[in-house]
Amino acid sequence: FFVQDTVAPKVFVNDAKSINKVANLLANASDTTNSLKQSCEICMSNDKVCDTEWVPAVSQFSSGDFAGKCSYTWDTTPIVSGTYIVNFRVQDVANNLGVGTAVTVEVDNNAPAKVTGLLVDSLVGKNNLNLTWDGSTASDFSYYNIYRDTIPFIDANQKTSIAKTIKNSYSDTSLVSGQTYYYAVTAVDILGNENNIVSSTSGTVADTINPVLTISSPISATYNKKTI
């Protein structure tokens, strides 16, 4: 007497919440009555329905396993930012299909707006330059990156920031007297989105080198009353 297995695998989708760029999505699958088939699939849909969006995912378990993980590396850079649902499904060897409960994921590849109002001011007698700018109004703002060079630049992608701050001001110290520097400031959100296309603003450090006084007369010598 044969009793057909009709119990589908259980699938638990890990909640990813907010993601950007490239994200690793995961689900746990298990079956108490039969082993899993290596048939993980994932759906990523922006219309709140998983129908035609199912694509193969990676099965992180071996033939004969009753439990394991499904994974998928999602490159979100080509898609429109917004709200998506994500779900996984997997079959067991009896072809019972287990479908998880979809989770809502916010895809955000939008960087905060370009920083405006950057001013670079010198201080008399100091090897410093003071920077100020208009504060970011982004709701997911996290911090500012500050970039510096000795020549003008419009792309901060190839540069390393000299400082990070949550304030809309910064003092750059220990600079070279009389040297002109170029700065750019970018706003970064909580997911690391940043607009690296910038307009650099210049500032020149004050002259802080003391004059050198050379006495030309009288010269170093031995004098007597007659020559003096």
Side-chain angles (χ1 to χ4, degrees), residues 12-27 40-58 69-89 100-120 131-149 151-170 172 181-203:
F12 299 93
V13 183
N14 291 13
D15 192 356
K17 295 183 180 178
S18 296
I19 62 175
N20 75 331
K21 299 176 184 176
V22 178
N24 191 33
L25 306 176
L26 294 169
C40 288
E41 291 184 313
I42 187 173
C43 162
M44 297 150 294
S45 172
N46 62 356
D47 62 5
K48 298 183 180 181
V49 178
C50 283
D51 40 36
T52 61
E53 294 91 351
W54 293 99
V55 296
V58 177
K69 292 182 181 294
C70 299
S71 66
Y72 184 81
T73 300
W74 189 15
D75 183 2
T76 67
T77 53
I79 68 173
V80 177
S81 295
T83 303
Y84 290 76
I85 63 166
V86 171
N87 205 355
F88 282 86
R89 66 185 184 185
T101 300
V103 297
T104 300
V105 175
E106 288 294 331
V107 175
D108 177 13
N109 289 313
N110 297 323
K114 183 177 178 179
V115 171
T116 59
L118 176 60
L119 298 175
V120 182
L131 284 65
T132 58
W133 57 90
D134 298 333
S136 173
T137 58
S139 60
D140 56 352
F141 166 78
S142 181
Y143 62 90
Y144 298 103
N145 268 329
I146 300 169
Y147 299 93
R148 181 187 67 203
D149 206 335
I151 58 174
F153 60 96
I154 59 172
D155 188 350
N157 272 308
Q158 303 303 316
K159 299 187 180 299
T160 301
S161 67
I162 62 169
K164 303 179 189 299
T165 180
I166 60 173
K167 300 178 181 179
N168 61 323
S169 63
Y170 177 74
D172 197 10
Y181 294 91
Y182 294 83
Y183 294 88
V185 178
T186 61
V188 184
D189 68 18
I190 57 177
L191 291 179
N193 293 310
E194 176 184 18
N195 185 354
N196 290 110
I197 304 304
V198 297
S199 298
S200 57
T201 301
S202 66

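Separating the CG atom in L119 from the OG atom in S169 is a distance of 12.0 Å, to the nearest 0.5 Å. Separation of atoms CG (N196) and CD (Q158) is listed at 9.0 Å; rounding is to 0.5 Å. E41 CD to N87 CG: the interatomic distance, rounded to the nearest 0.5 Å, is 11.0 Å. Distance check, rounded to the nearest 0.5 Å: CG of D15 to OG1 of T104 gives 8.0 Å. Here the straight-line distance linking atom CD of E53 with atom OH of Y84 works out to 10.5 Å at 0.5 Å rounding. Remark: T186 OG1 to N195 CG distance equals 8.0 Å, nearest 0.5 Å.
The shortest distance between side-chain heavy atoms of C43 and R89 does not fall below 4.5 Å. Looking at heavy atoms from C-beta onward, Y147 lies in side-chain contact with F153 at the 4.5 angstrom threshold. For the pair N24/S71, a side-chain contact is recorded, criterion being any heavy-atom separation below 4.5 Å from C-beta on. No side-chain heavy atom of S200 sits less than 4.5 Å from a side-chain heavy atom of D149. Contact annotation: the side chain of V55 approaches that of M44 to within less than 4.5 Å [non-hydrogen atoms, C-beta and beyond]. By the 4.5 Å heavy-atom criterion applied to side chains, Y181 and D172 are not counted as neighbours. For the pair L191/I19, no side-chain contact is recorded, criterion being any heavy-atom separation below 4.5 Å from C-beta on.
Shown here for V120 and S202, the closest heavy-atom pair between the two residues is CB-O, 3.7 Å. Nearest heavy atoms, C50 versus I85: SG-CD1, 3.9 Å. Residues K69 and C40 share a closest heavy-atom pair of O-SG, 4.4 Å. Between G192 and K21, the shortest heavy-atom contact is O-NZ, 3.8 Å. Here the closest heavy-atom approach between residue A57 and residue F88 is recorded as CB-CE2, 4.0 Å.
A side-chain contact (heavy atoms from CB on, under 4.5 Å) with T165 holds for exactly one of I146, L131, N145, V185; it is I146. Checked against N20 for a side-chain hydrogen bond (donor to acceptor under 3.5 Å, both in side chains), the options N110, D108, N193, T77 give a single hit: N193. Shown are V13, N14, I42, T73; of these, the side-chain contact (heavy atoms from CB on, under 4.5 Å) with L25 is made only by I42.
Sequence neighbours left out, the pairs with a member in residues 132-141 that pass side chain to side chain donor-acceptor pair (under 3.5 Å) are T116-D134.
Among residues two or more places apart in sequence or in another chain, the side chain to side chain donor-acceptor pair (under 3.5 Å) test is passed with T76 by N109.
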Side chain to side chain contact (heavy atoms under 4.5 Å, CB included) for Y72 and V86? Distances and angles first, verdict last. CA-CA 11 Å; Y72 184 81; V86 171; over 6 Å; no
